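Numbering of ligands and ligand atoms starts at 1, following listing order. Just so it is clear, the model here is predicted, and its values are computed rather than measured.
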Amino acid sequence: MLTRNTGFPRFARNEVTFMRTPFIAGNWKMHKTIDEAVALVTELRALLEGLEGIEVAVCPPFPALEAVRQALTGSSIRLGAQNMHWEEAGAFTGEVSPRMLVGLCDCVIIGHSERRTHFGETDEMVNRKLRAALAHGLTPIVCVGENLEQNRTGKTEAVVGAQVRAAFAGVGAEEARQVVIAYEPIWAIGTGVPAYGPDANRIVRDAIRAVLAQLYGDEVAQAIRVQYGGSVTPANIAEFMQEPEIDGALVGGASLRAADFAAIVRQGLGAKMGRG
Ligand code: 13P
């Protein structure tokens, strides 16, 4: 039986806080026209003006990236794509290459479970995309997570650990530091049923950071940021951010409303700083 880690030593929580800058990103998925995207980010920008101590990113659909980039001029809000191909150019109808994203945005979501499930992305493709993003100086947000059946049959740690190992194949330690991992249990995505904070913390520690430590050693494993994703709202963000292993969130539905996303960012930062 897992308990909330209220007994976690405060100094340790703060050490972790200072070592890894919190990072909350919004994945807009297939929502928002160009005009709607500009309106959303303009509102969000005003709500988050002057906030420090946390990184924030929005990831609109491809057609809105340029307009959102312009709407964010002079803002510290980062901009990300939701996917990309690993090749630089070629006969890949409908795809977008890393070279096309450079100068347009600085992050890219890779291996989201919706891409794995609906578009056949394999661990090998995720690895190629991760390496391509790093080679082009883009911050990859690589998604991992188990489905409901895997969760119910006790396979979560094995599944997530294997996804992390596969994603990082051939990635060197210095590059690995640039990667952000999003732990998104598939059963928690869009269901209104988030994971329990201490459970997510345990998976991040025992499956994600444990594998990173095997690959790169403890210091690098402790430096890599890990977000939680799946039904995050203003009401539950603190539960995740107060966990020592969780450095941020990848937010879907709630990131489509500026007030909700801004509340998630502010409350998330407050919880991470021990004011939650
Ligand atoms: P929801 O926040 O809508 O559950 O989506 C999570 C997600 O998939 C973010 O990438």
Inset, instruction - Go through the side-chain N and O atoms of Asn201 and Glu245 and say whether any donor and acceptor fall under 3.5 Å apart. - result: no
Legend entry - Modelled atom types, side-chain donor and acceptor of Gln82 and Arg115, under 3.5 Å: no
Distance to 0.1 Å, residue and atom name: give those for the protein heavy atom nearest to [atom].
atom	result
atom 3 (O) of ligand 1	Gly253 N, 2.8 Å
atom 5 (O) of ligand 1	Lys29 NZ, 3.2 Å
atom 2 (O) of ligand 1	Gly252 N, 2.9 Å

Legend entry - Atom of Thr33, atom of Glu36 and distance for their closest heavy-atom approach: N-OE1, 2.9 Å
Inset, instruction - Identify the two heavy atoms, one from Asp218 and one from Ala213, that lie closest to each other, and give their separation to 0.1 Å. - result: OD1-CB, 3.5 Å
Inset, instruction - Just jot down the side-chain contact (heavy atoms from CB on, under 4.5 Å) partners of Glu49, sequence neighbours excluded, or say none. - result: Arg45
Legend entry - 4.0 Å heavy-atom contact, Gly229 with ligand 1: no
Which of the ligand 1 atoms, numbered from 1, are nearer than 4.0 Å to a heavy atom of [X]:
X	value
Leu250	9 (C), 10 (O)
Gly230	4 (O), 6 (C)
Asn27	9 (C), 10 (O)
Glu184	6 (C), 7 (C), 8 (O), 9 (C), 10 (O)

Would you mind writing out the side-chain donor-acceptor pairs for residues 254-266 within the sub-3.5 Å range, not counting sequence neighbours?
unit_1, atom_1, unit_2, atom_2, d
Ser255, OG, Val251, O, 3.2
Ser255, OG, Gly252, O, 2.7
Arg257, NE, Asp260, OD2, 2.6
Arg257, NH2, Asp260, OD2, 3.1
Arg266, NH2, Leu47, O, 2.8

Inset, instruction - For ligand 1, find out whether one of its N or O atoms is nearer than 3.5 Å to an N or O atom of His112. - result: yes
Legend entry - CG on Asn27 to NE2 on His31, rounded to 0.5 Å: 9.0 Å
